[in-house]
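Read the structure below first, then the notes.
Side chains included, hydrogens not; waters and symmetry mates left out as well; all remaining heavy atoms used. Remember, it's 1-based here, ligands and their atoms both numbered in the order they're listed.
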Amino acid sequence: MAETLWWQKGVIYQIYPRSFKDSNGDGIGDIKGIIDKLDYLSWLGIDAIWLSPINVSPMYDFGYDISDYYNIDPGYGTLEDFDELIEKAHSYKIKIIMDLVINHTSHLHKWFNESRSSRDNNKRNWYIWRDPVKGKAPNNWRSAFGGSAWEWDPKTEQYYLHSFLKEQPDLNWRNPDMRQSIYKMMRFWLDRGVSGFRLDVVNWFVKDEKFRNNPFTLKPLDPEKHKYSRNRPEIHEYIKELRKVIDEYDERMTVGEVFSLPPGDPELSASFLGDGNNELHLAFDFSIMYRLWSAKQFYNYIKKWYKAIPENGWSCHVLSNHDQPRGRSRFMGGIDSEKRARLAAVFLLTVKGTPFLYYGEELGMKNTQISRRKIVDPLGKKYWPIYRGRDSARTPMLWNSREYGGFTKGRPWLPVDSGYKRLNVRYQMNDRYSILNLYRELIALRKKFKALNEGELIPKINGFNNIIAYFRQYEDEMFFVVLNFSSKEKKINAGERAQWKVMLSTHRTNREYLTSLSMNLAPYEATVIMKICEFK
Ligand code: NOJ
């Protein structure tokens, strides 16, 4: 069996840099702020940070529109700050993963300026330009952010493609010079010591060569709708090429954002792992973010996801990110929402596959209510009140009970959650039973026992009666995890007479011993038990 690598065993923590910690009082988070909080992240026990984009950007999409790949946005700091971040993070044994936004650039990127300057510019084909058809846009493709995906450029009298905002023109992945420039840029950051990349909308890079119209369908969430603008088979050749660049370096990794609509598409995500060794190292499957709170649905998620993963591949799991409502809000549950968030934490950190945490999830942060005039996300501005955009899940990290939760000494770019008096790092660090301490203990336990990080997962209760239970096993090490998704007490009888010890639980003390897996479960109980010895 191949040796398990850091990105398989470790826990990865996503930071949305604008909202993590502001060091200079301008109201937006920055790299120095992240450096200040490395001791916290090390205390929490994470292995790597994935930074949402920090490159130079005019911020039409808050960094997902890069105008200079080779520099850091001045709002976040300088290249020297970034080098310092890498160095200090490494001294804490924390790795840094960057966001690679290469489906598109900003319209202010110098490549696009050249490309749009004339039809015969040598970068013209680095982007996707088409003639009008019957005086209109070349085809019926829609931008993910609304409206046609084509923007007319009067200077050269052609349309360019933008899958997102018109300020985010799509790169042409079929152009080899463009691809080489991207690889060169990747090497620049790999040489600086980054440990890998998260690839933004990796399944959208390649478009149909003939630019055929997408099929018309009345169903709003029909994947067929994007038949020719996403998930084109040629993408895999380019990902293989990109993987070779990563493999020039030791111990680096990639994780792909394989974007799919509800209900999610595990097979599609897994297809980006190739044979497990020749495409991406990890890929997100967002199915779980589209599921309701139900043991059956969570169980079906892992079952389908594991089934889709190639033999040499590895899965990963994520409950929240900067595009979706925060997990705790999605799980609903009213006054029980924190209990649900705790159970979800135990699930995330005890199933097989690399866990990704989204900043603030470890505090049980919820979506923040934001009034219309404070919305800054272009999606929220456009679709309010039908869709309020993504700002509610991007509000500042809550550090202490001082003004603005200790995030900034200035005025924060987004409102600070009103729950910050108790829902903050300092308060929860001092409370042994806080959700923060639960996360910390879970991470420590996962790190300590191979069964919990690389061991096999053997299902025992598959969602029946709103309960999930599974074993995790590595050689002689055996764990049993039971999760009661229900607000009612439950009983299980999972046999297995042996000496068991509670290692972590939302409801039991760690000293408790059990002689079988017949147990009464409290509402929302999540318990992790280790086998001490067999009975003779
Ligand atoms: C996916 C990113 O996660 C999202 O925040 C962004 O708006 C789009 N890609 C466009 O880059």
Tell me the contacting part of Phe145 for ligand 1: side chain, backbone, both, or neither, using a 4.0 Å heavy-atom threshold, strictly below.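 The side chain, only.
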
What part of Gln324, side chain from CB on, backbone N/CA/C/O, both or neither, has a heavy atom under 4.0 Å from ligand 1?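 The answer is neither; Gln324 stays 4.0 Å or more away.
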
Numbering as shown, the atoms of ligand 1 that approach [X] to under 4.0 Å (heavy-atom distance):
X      : result
Arg394 : 5 (O)
Arg390 : 4 (C), 5 (O), 6 (C), 7 (O)
His322 : 2 (C), 3 (O), 4 (C), 5 (O)
His104 : 10 (C), 11 (O)

Quick check: [Y] with [X] (ring centres under 6.0 Å apart)?
X      : Y      : answer
Phe62  : Trp413 : yes
Tyr420 : Tyr404 : no
Tyr301 : His317 : yes
His107 : Tyr60  : yes
Phe164 : Phe145 : yes

Residue and atom name of the nearest protein heavy atom (relative to [atom]), distance in Å to one decimal:
atom                   : result
atom 8 (C) of ligand 1 : Phe164 CE2, 3.7 Å
atom 3 (O) of ligand 1 : Asp323 OD2, 2.4 Å
atom 7 (O) of ligand 1 : Asp61 OD2, 2.5 Å
atom 1 (C) of ligand 1 : Asp200 OD1, 2.9 Å

Arg124 NZ/CZ over Trp129 ring centroid, <6.0 Å and within 45° of normal: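 So Arg124 does make the cation-pi contact.
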
State plainly whether the residues Asp247 and Arg243 are in salt-bridge range, i.e. N to O under 4.0 Å.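 Counted as a salt bridge, because a side-chain N and a carboxylate O are separated by less than 4.0 Å.
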
